[in-house]
2 protein chains.
Amino acid sequence: MTTSVRAGTARDLADTGLSEPDYEVLSTLVERPGTTSTLHEQAAKMGWSRSRLSRHSSRMEVRGLIARAPDPADGRGCLLVLTAAGREALRAATPTHLESVRRRFADRLDADDLRDLLRIADKLGDRSEEAAPLDG
Amino acid sequence: MTTSVRAGTARDLADTGLSEPDYEVLSTLVERPGTTSTLHEQAAKMGWSRSRLSRHSSRMEVRGLIARAPDPADGRGCLLVLTAAGREALRAATPTHLESVRRRFADRLDADDLRDLLRIADKLGDRSEEAAPLDG
DNA sequence: CCTAGAATGATGACATGTCAACGACTTCGC
DNA sequence: GCGAAGTCGTTGACATGTCATCATTCTAGG
């Protein structure tokens, strides 16, 4: 079930030239001051391992979506910086992606469905926030 | 949510020496007459691509869990055969795995939860059968 | 100041999966 | 029969992710 929805949104995203991991990185990074973050902070924010983000950053760096810079505050660290190309790619992909998620997920479920889904996810020990605006 | 449950069952399975793909292959193959199947039939039965099954079969063959044999009925094809080691690995892993799935999934949900989950999965366009004995 | 220990990011070795070829073989229509 | 077309399993080239390990660098305690 997850798989079916994810496959669709991933396909839609791919049409804009980004993978889901790409989108996650870009959309998280763009919210940072200076669209910049140390790798470990970014990883923590995303719930990724440093290793995973390091590897994915390398792939995105090759494609020019982000850049690495030495961290002036910590000689061990590095800063991930959103490039103009990365910002542009995100700008181009965002509406498409939101629309894709809406069409493939949100529009298919009513309030009861969402409530049930959150309840079940909770029972299964899910720890993701899922931005649930229903509690309010 | 899927992720959280899967990670747990995968970890439990790993303790028995099998990955989830391993288990899928073995448990499907053991149900075949002669615990044998052509690769493409097995792939179709599992909903995998031939490429994926071919690759995973190679990994499992190295570990002695299955073997390949030429298909006497089709010179292009090959037969996947469960080995004694594969059968033994499956035998050892099965109770653990069923218990793991029960503990991490089935036991946490009541009949209403399952009904809701199936309803939602259906709305999201899920095509998996999920062996739903609730309709009966 | 100086060292022991912790943290950072990179990387080797793998596991898993996709996609687009490809060679080998079968089958279908004639 | 025979050639075109399809199918079978494999594979190269990648993308993604894990885990353990490593060289650097930082930091805390003496």
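Heavy-atom basis, side chains included; hydrogens, waters and symmetry copies ignored. Computed from a predicted structure; not experimentally measured. Note on naming: letters A, B, ... go to the chains in the order of the sequence lines (proteins, then strands), and numbering restarts at 1 for each one.
- Hydrophobic clustering, with ILVMFWY side chains joined whenever heavy atoms are under 4.5 angstrom apart, keeps B/Leu13 apart from A/Leu124.
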Protein heavy-atom contacts under 4.0 Å, written 5' to 3' over nucleotides 5-14 of chain C as B (base), S (sugar-phosphate only) or - (none), form the string -BBBBBBBB-
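- Here C/dA15 presents its C1' atom at 14 Å from CG of B/Leu65, a figure rounded to the nearest Å.
- A donor atom on one side chain and an acceptor atom on the other are not found under 3.5 Å apart for B/Arg104 and B/Thr9.
- For the pair B/Ser19 and C/dA15, the criterion of a side-chain N or O lying under 4.0 Å from OP1 or OP2 is not met.
- B/Arg115 contributes atom CZ, which lies 8.0 Å from atom CG of A/Asp116 (distance to the nearest 0.5 angstrom).
- No side-chain donor from either of A/Arg11 and A/Ser100 sits under 3.5 Å from a side-chain acceptor of the other.
- In this structure, the CD atom of A/Glu24 is 8 Å from the P atom of D/dG17, given to the nearest Å.
- Atom pair B/His56:NE2 and C/dG17:P shows a separation of 7 Å (rounding to whole Å applied).
- Regarding B/Arg6, its CZ atom lies at a distance of 19 Å from the P atom of C/dA15, rounded to whole Å.
- For the atom pair A/Leu98 CG and A/Asp12 CG, the distance stands at 12.0 Å (nearest 0.5 Å).
- The side chain of B/Arg59 places no N or O atom within less than 4.0 Å of a non-bridging phosphate oxygen (OP1 or OP2) of C/dA15.
- Rounding to whole angstrom units, CZ of residue B/Arg52 and C1' of C/dA15 are separated by 12 Å.
- Phosphate contact (OP1/OP2 of D/dG17, side-chain N/O of A/Ser49, threshold under 4.0 Å): absent.
- Classification of the A/His97-A/Tyr23 ring pair by plane angle, with boundaries at 30° and 60°, yields tilted.
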